[in-house]
Amino acid sequence: MPGNNLNPFLSAAAAFTLALACMPVRAQQLEPRAYANLPIGLNFLLAGYAYSQGDVLADPSLPVSDAKSKVNTLILGYARSLDFWGKSGSVGLVLPYAELSASGQLSTSGQAAPQSTSVTRSGFSDPLLRLAINLHGAPALSPAQFREYKQGTIVGTSLVVTAPWGQYDGTKLVNIGTHRWSFKPEVGVSQALGPWILEGAFGVTFFTDNDDFFGGHTRKQDPLYAAQAHVIYYFDPGLWGALDLTYYAGGRTSVDGVLNNDLQQNSRWGATLGKSLDLHNSLKAYLSSGVVARTGTKFNTAGLAWQHLWGAGL
């Protein structure tokens, strides 16, 4: 059952880093256990791999139709659990490296009809920073105190920031990086019911302008609204599984003030399995697929991550 010893929560700190590191747009994250309580003073090192195939680009609102893509992403991340004025929280950084191969029909102004094109790109994606604080139901505890903790209702908030430092060439339409900042504030709730945990979260991603879009144009994007829900079950203190669902809408873009027909109204489902190997190591496997896609989410993703923890006297 959740909360009766330390092991169930050892893999929770890496939950946010796994989904954030994948190449598809950030609102498509599926993050079970993102607002779990954690003992204070732990350090987490994360390494992983994710594979995506289908209608998947770094930015699904690009003017590319009938896209067929494959993306291989290597993930390296670090997180630390912190005490925020008596409340538990965490800070984490993720650095993804991706290789993308894609083909499709490119539509640009001045062309009578879409043109067939194919590209291959590789390089570092935009790094991500996440700061999270549990506002209710998750006090800051030492590992010794945490062994007596039992979860009830947790209410938390987080901010995810991506920096425009990934591979980008303004003369190319498809890139690994996005050449803009993004900011996603989010509020989440987690409720334990015996071996079950029910979770929900709502967030909004705001984008700065890309002033070097495909030949020096200015590209803007409206906010993207996202909601996600998770049903989690603990088979034993060191093994848990989750069914995940997300829906997101908005994110319409414009280039030099001209609106594009790329409003997103999409949903995805996923599944996650986490296993603690010992006190310091755990593995997590996950997959997701599109359910309903208006723009740019007809793809499948699968990944595996390893996490190592140390500190706080463990």
Side-chain angles (χ1 to χ4, degrees), residues 1-20 29-46 77-92 130-160 185-203 228-242 244 272-276 278-282 284 305 307-314:
M1 292 177 60
N4 59 7
N5 61 45
L6 186 62
N7 287 336
F9 293 95
L10 296 183
S11 58
F16 71 90
T17 61
L18 295 171
L20 292 175
Q29 302 156 13
L30 289 164
E31 307 170 55
R33 309 307 291 129
Y35 294 97
N37 196 4
L38 294 164
I40 300 305
L42 294 178
N43 302 285
F44 300 83
L45 177 65
L46 174 75
Y78 169 80
R80 180 174 173 84
S81 56
L82 301 172
D83 182 343
F84 290 98
W85 303 283
K87 308 293 185 180
S88 64
S90 63
V91 61
R130 182 183 189 263
L131 176 67
I133 303 175
N134 291 318
L135 304 175
H136 171 77
L141 301 172
S142 68
Q145 294 171 322
F146 191 85
R147 295 181 185 277
E148 304 301 321
Y149 170 78
K150 294 183 182 295
Q151 180 183 334
T153 302
I154 294 176
V155 179
T157 186
S158 65
L159 176 66
V160 175
E186 184 180 76
V187 175
V189 178
S190 177
Q191 176 66 55
L193 299 169
W196 297 88
I197 295 180
L198 306 180
E199 294 184 338
F202 177 79
Q228 56 180 303
H230 310 277
V231 178
I232 301 146
Y233 182 78
Y234 274 86
F235 301 96
D236 61 50
L239 177 65
W240 60 272
D244 317 303
T272 309
L273 184 67
K275 172 63 177 176
S276 295
D278 54 41
L279 189 60
H280 297 278
N281 298 279
S282 62
K284 182 176 177 182
Q307 175 190 280
H308 177 74
L309 71 88
W310 73 97
L314 293 181

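Because the structure is predicted, anything quoted here is derived from the model rather than measured.
Between the S81 side chain and the G41 main chain, a donor and an acceptor come within less than 3.5 Å of each other. For the pair T157 (side chain) and E186 (backbone), a donor-acceptor distance under 3.5 Å is present. Using modelled atom types, no side-chain atom of E148 and backbone atom of Q145 make a donor-acceptor pair closer than 3.5 Å. At least one donor-acceptor pair closer than 3.5 Å links the side chain of S88 to the backbone N or O of A138. N134 contributes no side-chain N or O that, together with a main-chain N or O of H136, makes up a donor-acceptor pair within less than 3.5 Å.
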Worked verdict on K284 versus T272 for side chain to side chain contact (heavy atoms under 4.5 Å, CB included): CA-CA 7 Å; K284 182 176 177 182; T272 309; 3.0 Å; yes

Steps toward side chain to side chain contact (heavy atoms under 4.5 Å, CB included) verdict (F84, L131): CA-CA 11 Å; F84 290 98; L131 176 67; 3.5 Å; yes

Side chain to side chain contact (heavy atoms under 4.5 Å, CB included) between V231 and W196, worked out: CA-CA 7 Å; V231 178; W196 297 88; 3.7 Å; yes

Stepwise side chain to side chain contact (heavy atoms under 4.5 Å, CB included) test for R33 and S190: CA-CA 8 Å; R33 309 307 291 129; S190 177; 3.4 Å; yes

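For the atom pair R80 CZ and N43 CG, the distance stands at 4.5 Å (nearest 0.5 Å). Between L309 atom CG and S282 atom OG the span is 7.0 Å, to the nearest 0.5 Å. Remark: I154 CD1 to K87 NZ distance equals 11.5 Å, nearest 0.5 Å. Atom OG of S158 and atom CD of E31 lie 7.0 Å apart (nearest 0.5 Å). Remark: Q191 CD to I197 CD1 distance equals 9.5 Å, nearest 0.5 Å. Note that the CZ atom of F44 and the CH2 atom of W310 stand 9.5 Å from one another [nearest 0.5 Å].
Between G311 and L42, the shortest heavy-atom contact is O-CD2, 3.5 Å. A pairwise comparison of heavy atoms in S142 and P39 identifies C-CB, 4.3 Å as the closest pair. Minimum interatomic distance between Y35 and A201 (heavy atoms only, all atoms of both residues): CE1-CB, 4.4 Å.
Between F146 and L38, the closest side-chain pair of non-hydrogen atoms is not below 4.5 Å. Q151 is not listed as a side-chain neighbour of N37, based on a closest heavy-atom distance of 4.5 Å or more. In this structure, L193 and L198 have side chains that are in contact, with non-hydrogen atoms separated by less than 4.5 Å. Residues W240 and P32 have side chains in contact (heavy-atom distance under 4.5 Å, counting atoms from C-beta outward).
By the ring pair (Phe, Tyr, Trp, His ring centres under 6.0 Å) test, F235 is found to be paired with Y233, residues two or more places apart in sequence or in another chain being considered.
Between I40 and the choices L82, L141, D83, the side chain to side chain contact (heavy atoms under 4.5 Å, CB included) rule is met once, by D83.
For the pair R130 and Y78, the cation-pi test (distance below 6.0 Å, angle within 45°) is failed.
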